[in-house]
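Heads up: the structure comes next, in structure tokens.
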Amino acid sequence: MVMRMSQVVAPTLREDPSEAEVVSHKLMLRGGFIKKLAAGVYTFLPLGYRALRNVIGIIREEMDLSGAQEVCMPTIIPAELWQESGRWPLYGKELFRIKDRHDREFCLGPTHEEVITDLVRDSIRSYKQLPANLYQIQTKFRDEVRPRFGLMRGREFLMKDAYSFHTSEESLEKEYQNMYQTYCRIFDRMGLKYRVVEADSGLIGGGFSQEFMVLAETGEEEIFHCNKCNYSASRESAGVGKYKAQAKAQAEAKVTEIHTPNAKTIEELIAFLKISPDQMIKTLIYETEQGAVAALVRGDHAINEPKLKKVLGVEDLRLADQAVIKKVTGAPVGFAGPVGLKGVKIVADHAVELIPLSVSGANKEDFHLINIVYGRDYKADLTGDLRFAVKNDNCPRCGEGIFDVSRGIEVGHIFKLGTKYSDKMRCVYLDEKNQEQVMIMGCYGIGVSRTVAAAIEQNNDKDGMIWPVPLAPFKAAIVPVNAEEPEQKAVAEKIYHELQAKGLDPLLDDRIDRIGVKLKDIDLFGIPFKVIVGPKGLKEGKVEVKQRRTGAMELVPLDQVSEKLVQLIGG
RNA sequence: CGGGGAGUAGCUUAGCUUGGUAGAGCGCCUGGUUUGGGACCAGGAGGCCGCAGGUUCAAAUCCUGUCUCCCCGACCA
């Protein structure tokens, strides 16, 4: 097949479409890579689909190499399976629910633990068939509350999901490491800069998990990493290490009640009392299955509810409403504090204990207390790490370094699921002793379409995308300065066929357009190399080879062009 | 789901306050002049002004409802 630009369906735009905000979204729309059909639902046009196929190809090759087997499961899933796993009522509105003509309930699969578990429990009976790792590359649906940023957070998107089944934790651990290595190879091959972080496993459940983050200034996620050791974690799960030297409280300063009319928020208080937020105690009243609790964090910190759950050992946690707050503290919202608080468990973040003289609500409308000393004026029933980490916090792993923060885009996530699904869905096998055992599972995802967006997010400039070679929709574009001039035309065609013969995936820009227009488009597309065929070069029997990323240009004799590109593209 | 904003040609948009023949730039088509980084001239095609009601002699414009899209927040295997 000859790829001639004059025939490629790529409706490019000179202006940014008003619907796009982030750079990858703008560029893909401008380059005619994708077209929106509905919020969070996109068509891939030829150029976009070529890039997507490159991503798919690398993932598929590496997954196959890892020993995983590809399958393809339905996108439409009967509700019964989800009821069996218990997720039907839990998953909420994000689950795209539909009914068939007989009023039977289904959902569009947002993830496929249920389907794969159903498959494996019926297909695998013996320990001799384990371990097994099955994967698919398939469209997923999540009715996101707010789809945004183009392919970054769509409602319909392409995902690679793999599920492994084991007879032991050791076997799972081995496969988990295998997947870890496989993921590293996948993202290395794509030429993307990424970092692996420890993460919270969220609704999918299970224990330890790691996320693969493509680094980009514009990433949605904050990544915390130690400047001394190799600890790195997502904002949700980053632990806060031990605090260093603490100032001793001045015991003589007595707790004093201050009238603070209308000052309910931290901002209002620091302005009113002329203090800094790190002197404040933020007191949040929560309801749990064990009753109400008062959680304390420093005024400049944000509470991390999953951490709070862990420290308290509760399942159910929600912020108390006004009535409960009034009952617990005796004051309206905004005046809660730990001093004199009775009848609720008090749980404090480590940082709160260390405030020398702190300020909090007085549990009395329009009053706050100052000069509070921990241990003298109140004591927490429980202390722990309750808050989101911030830049410069101490590393919990090595205790030496502090956190740097960078931004990234989550493109991969690997989990040890354990028996969460196999247990509920009775996915069992017979072991050597003829005993029935529940399979232990792992689960490994890559956001395939999101990876395309992430690659652009990481690699672009004012002129457009800059594809890493392995992902580029075309590796090289041959651009005659004047496509109507016979010599240029002939030379361009010849080079085109040479490159194609060498499997270099070239594009021939045969459009009858001014050179500037053609080059602008090719740059926008992010094609790594351009071969410019013009009269100046031809006089000396040469063409120009120009690199998209660096702008570097080299004159290359005609008979050496294909060789040169083989060398540049790397075969 | 809460707050904000926007729907006018393929794209970017003006017009709306103060109702009276729907405009521009880009792109597209034809002809000509050009031709090494988004050319120029001339001519042309292309609009249910998101949709539905209402007010009015008359609605892109005013009123009501509704749908869609975007942004911030909450949410996010």
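The sequence lines fix the lettering, A, B, ..., with proteins before strands; numbering per chain opens at 1.
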Using the [atom1] atom as the reference point in each nucleotide, state the distance between [N] and [M] in Å, no decimals.
{"N": "B/U34", "M": "B/G47", "atom1": "P", "result": "35 Å"}
{"N": "B/C63", "M": "B/C16", "atom1": "C1'", "result": "14 Å"}
{"N": "B/A74", "M": "B/U13", "atom1": "P", "result": "28 Å"}
{"N": "B/C62", "M": "B/A14", "atom1": "P", "result": "15 Å"}
{"N": "B/G20", "M": "B/U61", "atom1": "P", "result": "10 Å"}
{"N": "B/G27", "M": "B/G73", "atom1": "P", "result": "37 Å"}
{"N": "B/A6", "M": "B/G25", "atom1": "P", "result": "25 Å"}
{"N": "B/U64", "M": "B/C1", "atom1": "C1'", "result": "24 Å"}

Worksheet item: Going by the angle between their ring planes, with limits at 30° and 60°, are A/H413 and A/F415 parallel, tilted or perpendicular?
Response: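 Judged by the thresholds at 30° and 60°, the geometry between A/H413 and A/F415 is parallel.
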Worksheet item: So, A/N178 and A/E175: side-chain donor and acceptor under 3.5 Å apart, yes or no?
Response: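 There is such a pair between these side chains.
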If you look at every strand shown and take non-hydrogen atoms under 4.0 Å, does [X] touch a base, only sugar-phosphate, or nothing?
{"X": "A/P110", "result": "nothing"}
{"X": "A/L13", "result": "sugar-phosphate"}
{"X": "A/G537", "result": "base"}
{"X": "A/P535", "result": "base"}
{"X": "A/D521", "result": "base"}

As an exercise, state the distance from [atom1] of [X] to [atom2] of [Y], rounded to the nearest 0.5 Å.
{"X": "A/L95", "Y": "A/W82", "atom1": "CG", "atom2": "CH2", "answer": "5.0 Å"}
{"X": "A/E62", "Y": "A/R60", "atom1": "CD", "atom2": "CZ", "answer": "13.0 Å"}
{"X": "A/L119", "Y": "A/L134", "atom1": "CG", "atom2": "CG", "answer": "6.5 Å"}

Given the structure, check if the side chain of [X] and the base of [N] hold any donor-acceptor pair shorter than 3.5 Å.
{"X": "A/D523", "N": "B/G37", "result": "yes"}
{"X": "A/E15", "N": "B/G25", "result": "yes"}
{"X": "A/R514", "N": "B/U34", "result": "yes"}
{"X": "A/K546", "N": "B/G37", "result": "yes"}
{"X": "A/R30", "N": "B/C11", "result": "no"}

Rounding to an integer number of Å, can you tell me how far [X] [atom1] sits from [N] [atom2]?
{"X": "A/K518", "N": "B/U35", "atom1": "NZ", "atom2": "P", "result": "14 Å"}
{"X": "A/E222", "N": "B/C76", "atom1": "CD", "atom2": "P", "result": "17 Å"}
{"X": "A/D16", "N": "B/U13", "atom1": "CG", "atom2": "C1'", "result": "14 Å"}
{"X": "A/L319", "N": "B/G73", "atom1": "CG", "atom2": "P", "result": "19 Å"}
{"X": "A/K520", "N": "B/C26", "atom1": "NZ", "atom2": "P", "result": "17 Å"}
{"X": "A/D513", "N": "B/G36", "atom1": "CG", "atom2": "C1'", "result": "14 Å"}
{"X": "A/L90", "N": "B/C76", "atom1": "CG", "atom2": "P", "result": "13 Å"}
{"X": "A/E144", "N": "B/C75", "atom1": "CD", "atom2": "P", "result": "13 Å"}

For [N], give its Watson-Crick or G-U wobble partner with both distances under 3.5 Å, or none.
{"N": "B/C69", "result": "B/G5"}
{"N": "B/G43", "result": "B/C29"}
{"N": "B/U12", "result": "B/A24"}
{"N": "B/C62", "result": "B/G54"}

Worksheet item: Yes or no on side chain to side chain donor-acceptor pair (under 3.5 Å) for A/N133 and A/Y135, after CA distance, side-chain angles and deciding distance?
Response: CA-CA 7 Å; A/N133 187 344; A/Y135 79 97; over 6 Å; no
Item to complete: Output yes when at least one side-chain N/O atom of A/R153 is less than 4.0 Å from OP1 or OP2 of B/C76, else no.
Response: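 It does not, given that no N or O in the side chain of A/R153 lies less than 4.0 Å from OP1 or OP2 of B/C76.
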Worksheet entry | Face-on cation placement of A/R97 at A/W88 ring, 6.0 Å and 45° thresholds |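 Judged by the rule (NZ or CZ under 6.0 Å from the ring centre, within 45° of its axis), A/R97 counts as positioned above A/W88.
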Item to complete: Between A/I515 and A/E305, just flag the one whose closest nucleotide in RNA chain B comes earlier from the 5' side.
Response: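 Taking each residue's closest nucleotide, the earlier one in sequence belongs to A/I515.
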Worksheet item: Taking for each residue the nucleotide of RNA chain B with the nearest heavy atom, is it A/T12 or A/V145 whose nucleotide lies nearer the 5' end?
Response: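 Going by which nucleotide is closer to the 5' end, it is A/T12.
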Looking at [X] and [Y], does any basic side-chain N land under 4.0 Å from a carboxylate oxygen?
{"X": "A/K310", "Y": "A/D385", "result": "no"}
{"X": "A/E84", "Y": "A/R121", "result": "yes"}
{"X": "A/R387", "Y": "A/D349", "result": "yes"}

Within the sub-3.5 Å range, which N or O atoms of nucleotides 69-72 of chain B have a protein N or O partner, and how far apart are they?
residue: B/C69; atom: OP1; partner: A/A39; partner atom: N; Å: 2.9
residue: B/C69; atom: O3'; partner: A/K36; partner atom: NZ; Å: 2.9
residue: B/C72; atom: OP2; partner: A/R146; partner atom: NH1; Å: 3.2
residue: B/C72; atom: OP2; partner: A/R146; partner atom: NH2; Å: 2.7

